[in-house]
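Report on the structure given below.
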Amino acid sequence: MVRPVTDFESFKCGTMKNIDSATHTRGESIYLDDIPLLNGTLFGCAYPSAVAHGIIKALDVSGALQMEGVVKIFTCKDITGENQIGGIIPDEPLLADGHVHFCGMPIAFVVATTPEIARAAVKKISASIDPLPVITDPREAQRKGELIVPPRVFKMGDTDSAWAACEHVFEGSADTNGQEHLYIETQGAYAVPGENNAIKIYSSTQGPTAVQRAVCKVLGVPMHQVEVDVTRLGGGFGGKEDQANMWAALCGLAAFVLKKPVKYSLDRVEDMAMTGKRHPYSSDFKIGLDKNLQITAYEVTLYQNAGAAADLSPAVLERSLFHSTNSYFIPNTKATAYSCRTNLPPNTAFRGFGGPQGMFVIEAAIAMAAESLGVDACVIQKKNLIQTGDEFPYGQKAASEATACWQKAEQLYDIEKIKKETADFNAGSIVYKKGVALMPVCFGISFTKTPMNQARALVHVYTDGSISISTGAVEMGQGVNTKMLQVAVHVFSVDPSKIRLQTTNTGRIANTSPSAASATADLNGKAVLMACTAILSRLKAVAAEEFKQDADRIEIKNGEVFAAGKSTGCDWNKLVMTAFLKRVSLSEHAHYATPVIHFDLTKEKGHPFAYHVYGTAVLVAKVDCLRGIYEIESVKVVHDFGASMNIAVDKGQIEGGIVQGIGWMTMEELVYDAAGVLRSSALSTYKIPDIYSVPKEIAIHFLDTDKDNLAILHSKAVGEPPLMYGIGAYFALRDAIKKFNPSDVIPFSAPMTPEKVLTALYPVNNKETADAVSSKEKAVYG
Ligand code: MTE
Ligand code: HPA
Ligand code: MOS
């Protein structure tokens, strides 16, 4: 079996195991489907539109209604509040109201006594829909004026006048396809009615408050009437930031009306057909360099395929602009972005949140310049890395680790040697060719929407000394609960077994931002830090009184109380009880809001990010030039962790992100046909990376920058940035193909599936290559 090898530098910080590891391994962790059901629970299933765009002429539910066990079939007419679940823009009905906008759009919701009956009943529903023209292409949508929001433009310097001074100018286009989230746990919700019309929703969501808002709007009830509870997710990857709302609203509505618990847990095919994905982008670029290969001007136009409703598209679009120059400083830039309405399911957040799409284009532009000028792309990349003090096109000044990561990668991995070995290999091989790419990454940490950068934590110390922590953070496999526990251990200095992380619950923590933007540990961790610190200082005051010392001379170390450096014989439990008897509060609710950040939308300038995360990856690909199949052999990174507070968790994030990024760039091919029907609708037609596609070698080295930053305990956010190392896979493959077929013109179009590699290797309409190929074939076969 191919196994990833990870090699680590010695490391000074905590090595606590993920607190979920034992229950995960024993299969005891609780997901939505593991919640014991109440007596009388009913089961829902959505009836989706089979047509991507049209007017509903008739809906026939009679056959379904007659089925034994079918309790009710909800349509938009049964909605007690508003038929609206749009988060940023109210443009998304929960259930179609006369009009369908994408294939998979729910038209009706069947509720029955078993999930099997509900699914069978859905098959008996029929709708007669008059079709309307279907748009699947974002450029066509833009031409027809179908925009979700007005275009956004980020500008720095003056590109118009910069072109004249450029020695080299190149223009082209670059496309990236979407990506299915494929969280292991599908979407779903379980709604339980309570007294006085209250509803409790168990949801597989990254955004408990988003679910609460959507349910309240649809039901027409105030937010205090709806409680949302999340234990953990079997993965979200952005797909449950906004798109968990629909199932929660459907179940909530049914539970509210029928006064019975209602559950809907989507099967894989339903999930793939009805939910939105990473946004496909189509882009045009123009890049200008001076004679020293300094990039002096860059223009890019991004066409985002938003799908049929806004969902999070405007925010995703914004992040594409923020990251349109990746890790580079380009004095004259202009980036324009269109969010284009098409008849696909509304596309949504996906790890990187538009950043990867923006970065692919600048990397394509650099690759085009390098290939045309006959220089190595990494020469151009390295020369243009952003330096501390340089300005991003949105006005923020960089505190850059770009060059530090790059140089450390050069030293540690001996890139010259990798290149030489690859060249030697290629010289001695006709059928197999290897390619190398470097991929620098710079990713801004904070929600791009400033008001979202706030979080709260509720900490209770019980009289037996045990501690309970609630935050707005949702555990989705990224290990945030482990990090929250580490923060509390750091402050209290007690045994981790004393601390328990509670479920994420809107009754305990209100108005949460979704767990997203890689900022969950920072935001919620700071709130935990504040709450624990407040309780600790009260406990210290109690001890100071007990031991007749100044509070600042009291210390709690490993569960023991020290006064002026001497053991007091009093332990944590005893101190807690003493405080309780003195009627001192052992609970604290803290609020954290990221300081410093701001953004002026009228100028498109500001300081939107608390900080940036940097890194550099070196990727090697090997292509079988007869078959078009390939391997990403190795990915070696130097990553800016700040001071990682959990090596195992962070290493898992990097390895997972890299593999997910490689999947997006290579094999995951989302196919909608011209009618807007998803053709890659199951795992038989949509290939995701498995253990065999994991690079044989993944090396991760730390750029240890224990600097003063806004990260929690200086441990920088790690959730999304590593995905973008995977972009290098496309360019390493491209490099390998060029080694076989140097004159080939390969479109910048990801994913680079084996089919595309094969067509690139053997372009049928290129006489020159055809001749070259046949002579190579002769060399191989004689
Ligand atoms: N890791 C796992 N195992 N599962 C996930 O769903 N989501 C990713 C990333 N890593 C995800 C994950 C995404 S899209 C984000 S934004 C971050 O985790 C969210 O968590 P964080 O803010 O705690 O990093
Ligand atoms: N990242 C993820 N989710 C978001 C963001 C962001 O920057 N802004 C709003 N929702
Ligand atoms: Mo992540 S795409 O911000 O959920």
Side-chain angles (χ1 to χ4, degrees), residues 18 20 24 31 87-88 179 181-185 204-207 209-210 230 232-244 276-279 310-323 347-358 443-453 455 471-484 504 512-525 594 597 599 608-610 613 644-646 648-661 664 711-712 715-724:
N18 186 319
D20 283 342
H24 279 359
Y31 299 87
I88 298 182
Q179 186 177 22
H181 298 87
L182 228 104
Y183 22 65
I184 292 177
E185 180 195 31
S204 179
T205 180
Q206 292 172 241
T209 295
V230 185
R232 67 165 65 67
L233 315 186
F237 304 109
K240 296 169 182 171
E241 183 175 338
D242 214 51
Q243 300 215 348
K277 320 201 181 297
R278 182 189 293 285
H279 296 78
D311 193 276
L312 293 164
S313 299
V316 172
L317 189 82
E318 186 172 59
R319 199 176 266 280
S320 304
L321 288 168
F322 281 121
H323 297 313
N347 286 316
T348 194
F350 195 135
R351 205 169 191 171
F353 206 76
Q357 291 95 320
F443 195 78
I445 303 303
S446 286
F447 285 94
T448 53
K449 200 170 173 206
T450 302
M452 291 176 78
N453 295 286
T471 73
V474 170
E475 177 59 57
M476 54 185 129
Q478 88 281 41
V480 70
N481 280 354
T482 305
K483 290 185 176 178
M484 296 305 95
T504 315
T512 58
S513 286
S515 286
S518 306
T520 317
D522 280 359
L523 295 171
N524 293 278
T594 314
I597 54 170
F599 196 69
F609 299 118
V613 170
S644 170
M645 65 191 286
N646 195 311
V649 164
D650 287 355
K651 165 187 155 184
Q653 285 296 293
I654 300 222
E655 289 177 345
I658 287 173
V659 174
Q660 202 165 34
W664 176 50
I712 179 67
S715 175
K716 283 188 167 184
V718 71
E720 293 167 286
L723 180 131
M724 285 152 271

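Counting convention: from 1, in listed order, for ligands and their atoms alike. None of the values given here were measured: they were computed from a predicted structure. Side chains included, hydrogens not; waters and symmetry mates left out as well; all remaining heavy atoms used.
Residue contacts with ligand 1: G235 is included, with a non-hydrogen atom under 4.0 Å away.
Residue G719 has at least one heavy-atom neighbour below 4.0 Å for each of these atoms of ligand 1: 9 (C), 10 (N), 18 (O), 24 (O). Taking a cut-off of under 4.0 Å to the non-hydrogen atoms of F350, the atoms of ligand 3 that pass are 2 (S). Near Q206, meaning under 4.0 Å from any of its heavy atoms, are these atoms of ligand 3: 4 (O). Listed by number with element, the atoms of ligand 1 under 4.0 angstrom from any heavy atom of A517 are 16 (S). Ligand-side atoms of ligand 1 in range of G236: 5 (C), 6 (O), range being under 4.0 angstrom from any heavy atom. Remark: ligand 1 atoms within the under-4.0 Å shell around heavy atoms of G477 are 2 (C), 3 (N). Ligand-side atoms of ligand 3 in range of E241: 3 (O), 4 (O), range being under 4.0 angstrom from any heavy atom. The distance from ligand 3 to the heavy atoms of G238 drops below 4.0 Å at these ligand atoms: 2 (S), 4 (O). When each atom of ligand 1 is checked for a heavy atom of A516 under 4.0 Å away, the hits are 16 (S), 22 (O). The contact set between ligand 3 and A516, taken as ligand atoms under 4.0 Å from a residue heavy atom, comprises 3 (O), 4 (O). Of all the atoms in ligand 3, the ones that sit under 4.0 Å from a non-hydrogen atom of R351 are 2 (S). Close contacts of ligand 2 with E241, meaning ligand atoms under 4.0 Å from a residue heavy atom, involve 2 (C), 3 (N), 4 (C), 10 (N). Interface of G238 with ligand 1, defined as ligand atoms under 4.0 Å from a residue heavy atom, comprises 14 (S). For ligand 1, the atoms closer than 4.0 angstrom to any heavy atom of R351 are 8 (C), 9 (C), 10 (N), 14 (S).
In this pair, H24 and Y31 present their aromatic rings parallel. The plane angle is below 30°, not in the 30 to 60° band.
Between S320 and Q357, the side chains place no donor N or O within less than 3.5 Å of an acceptor N or O (distance only, hydrogens not considered). Looking at S644 and D650, their side chains do bring a donor and an acceptor atom within 3.5 Å of each other.
When only interatomic distances are considered, the shortest N/O to N/O separation between K449 and ligand 2 does not fall below 3.5 Å.
Of all the heavy atoms of A473, none lies under 4.0 Å from any atom of ligand 1, so neither backbone nor side chain is involved. Contacts between Q206 and ligand 1 below 4.0 angstrom, taking non-hydrogen atoms only, are absent altogether. Proximity of F447 to ligand 2, defined as any heavy-atom pair under 4.0 Å, is shared by backbone and side chain alike. With a 4.0 Å heavy-atom cut-off, ligand 1 is reached by no atom of A349.
Nearest to atom 3 (O) of ligand 3 among the protein's heavy atoms is A517 N, 2.7 Å. Distance from atom 1 (Mo) of ligand 3 to its nearest protein heavy atom, with residue and atom name: E720 OE2, 3.6 Å. Shortest contact from atom 8 (N) of ligand 2 to any protein heavy atom: T448 OG1, 3.5 Å.
No side-chain donor-acceptor contact under 3.5 Å links S518 to the backbone of A717.
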